[in-house]
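Report on the following structure.
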Amino acid sequence: MPSFLAEQTSIWYQKNARDLPWRHEGVGAWAILISEVMLQQTPVSRVLTVWQEWIERWPSPADLAAEPAGEAIRAWGRLGYPRRAMRLHECAGEIVRRHGGEVPDELDKLLALPGIGDYTARAVLSFAFGQRHPVVDTNVRRVVSRVHHGVEDRAIGLAEVAELLPLGQSDAALASAALMELGAVVCAARSPRCGVCPVMAECRWKQLGSPQPEKPFRRPQSYAGTDRQVRGLLLAVLRESAAPVPRHRLDLVWPDGVQRERALQSLLADGLVQAQSCDVFLLPDSTPAQ
DNA sequence: CTCCCGAAGT
DNA sequence: ACTTCCGGAG
């Protein structure tokens, strides 16, 4: 059932879409998959440079799979959540071993790959293969919740979004990109730009006076002082060092020895760091995928 | 300090 | 259903 929301947003998108390099003609499924993983938790502006480096260095899954995981972690730079880099490396290996080196174009096969969840699998199918799938990230949830239900945070499921997409494959893929773009640049969480919104006239949320949620949703933890920050500091040292790093150099980045050790152990457990000996550490140099 | 906002493990 | 996992911009 093509909806007013999907149709109007698609028209708007064709005039107002940002010119992002992974949207260019001829960009392959692997490059799009990389972009979606990088964008999972990181703003566009920070992804641009690293994505370009990755696709030039590793234009196919086989190119990435042929290198040690540590190279992916190093090239991830400061994008954050570096387990994504490790999973992308594992993902490349799986694509080579199980799919002949080509990104699969079926939902169940994508969902089975490491680091690929409900959102990313459908984003790749839509944006790389032009298929019709509900691509639901928090932007899309917010847009649909506001426009159709008039509230900030109604639970929006895949089925509901599937129903509002146009029936044609390429029209649906376009609408999915458009809904995400609208949520990102117009129907923003904090500062919505309703004055330029293509669906303002039929937005339930706007009609109701842009009601805020009953519960303001408190964010329990800040980043400063968390294990995540310490892990980031430790990994940065290893990333920027060509040679293995002795423990005493890691001791410099954080004063609390208990937390520092806990962070180091969790990095080892995640496979983001390897111990060369009991007091020397390096990025993983696991043998490339066979 | 706040905002950003997906995958996977439990 | 709830928690862990980053880091830069404002």
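What you see is a predicted model; the values in this text were computed from it and never measured. Letters A, B, ... mirror the listed sequences (proteins, then strands); counts begin at 1.
In this structure, the CG atom of A/Leu238 is 13 Å from the P atom of C/dC6, given to the nearest Å. Atom-to-atom, CG of A/Leu272 to P of C/dC5 comes out at 11 Å; the value is rounded to the nearest Å. When the P atom of B/dC1 is taken as reference, atom CD of A/Gln229 falls 10 Å away, rounded to whole Å. A/Arg46 has its CZ atom 13 Å from the P atom of C/dC6, to the nearest Å. Between the CZ atom of A/Arg228 and the P atom of B/dG6 there is a distance of 14 Å, rounded to whole Å. Atom pair A/Leu235:CG and C/dC5:P shows a separation of 13 Å (rounding to whole Å applied). Per the geometry, CD1 belonging to A/Ile116 stands 14 Å off P belonging to B/dG6, to the nearest Å. As a whole-Å value, the separation of A/Asp153 CG from B/dC5 C1' is 14 Å.
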side-chain hydrogen bond (donor to acceptor under 3.5 Å, both in side chains) assessment of A/Gln52 paired with A/Glu56: CA-CA 6 Å; A/Gln52 195 66 43; A/Glu56 285 170 10; 3.1 Å; yes
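Within the 4.0 angstrom heavy-atom criterion, base atoms lie near A/Tyr81. Within 4.0 Å of A/Ala189, counting heavy atoms only, lie sugar-phosphate atoms of the nucleic acid but no base atom. Residue contacts for A/Leu39: at a heavy-atom cut-off of 4.0 Å it reaches no nucleic acid atom on any strand shown. Contacts of A/Thr120 with the nucleic acid, taken as non-hydrogen atoms under 4.0 Å apart, involve only primed sugar atoms and P, OP1 or OP2. Counting non-hydrogen atoms under 4.0 angstrom, A/Arg87 reaches the backbone sugars and phosphates but no base.
For A/Arg83, whose side chain is taken as the heavy atoms from C-beta onward, the closest listed nucleotide among C/dC5, B/dG6, C/dG7 is C/dC5. With distances taken from any side-chain atom of A/Tyr223 to the nucleotides C/dG8, C/dC6, B/dA7, the minimum falls on C/dC6. Residue A/Asp137 places its side chain closer to B/dG6 than to any other of B/dG6, C/dC5, C/dG7. For A/Gln40, counting side-chain heavy atoms from C-beta on, the closest listed nucleotide (C/dC6, C/dG8, B/dA7) is B/dA7. Nearest nucleotide to the side chain of A/Thr138, out of B/dA7, B/dC5, C/dC5: B/dC5. Nearest to the side chain of A/Arg190, among C/dC5, C/dG7, B/dC3, sits B/dC3. For A/Asp227, counting side-chain heavy atoms from C-beta on, the closest listed nucleotide (C/dC5, B/dG6, C/dG7) is C/dC5.
Of all heavy-atom pairs between A/Cys203 and A/Arg146, the closest is SG-O, 4.1 Å.
Aromatic ring centroids of A/Trp54 and A/Trp76 lie under 6.0 Å apart.
Using a 4.0 Å cut-off between charged side-chain N and carboxylate O, A/Glu261 and A/Arg247 make a salt bridge.
Using C1' as the reference atom, C/dC5 and B/dC4 are 14 Å apart when rounded to the nearest Å. Here the separation of B/dG9 from C/dC6, taken at their P atoms, is 15 Å to the nearest Å. Here, C/dG10 and B/dC5 have their P atoms 15 Å apart, quoted to the whole Å.
Neither side chain, A/Ser126 nor A/Arg132, offers a donor N or O lying under 3.5 Å from an acceptor on the other.
Positionally, the nearest nucleotide of DNA chain B for A/Ala224 lies more toward the 5' end than for the other of A/Ala224 and A/Arg142.
Taking only side-chain nitrogens and oxygens, A/Arg78 comes nearer than 4.0 Å to OP1 or OP2 of C/dG8.
Rounded to the nearest 0.5 angstrom, A/Arg18 CZ and A/Glu181 CD are separated by 4.0 Å.
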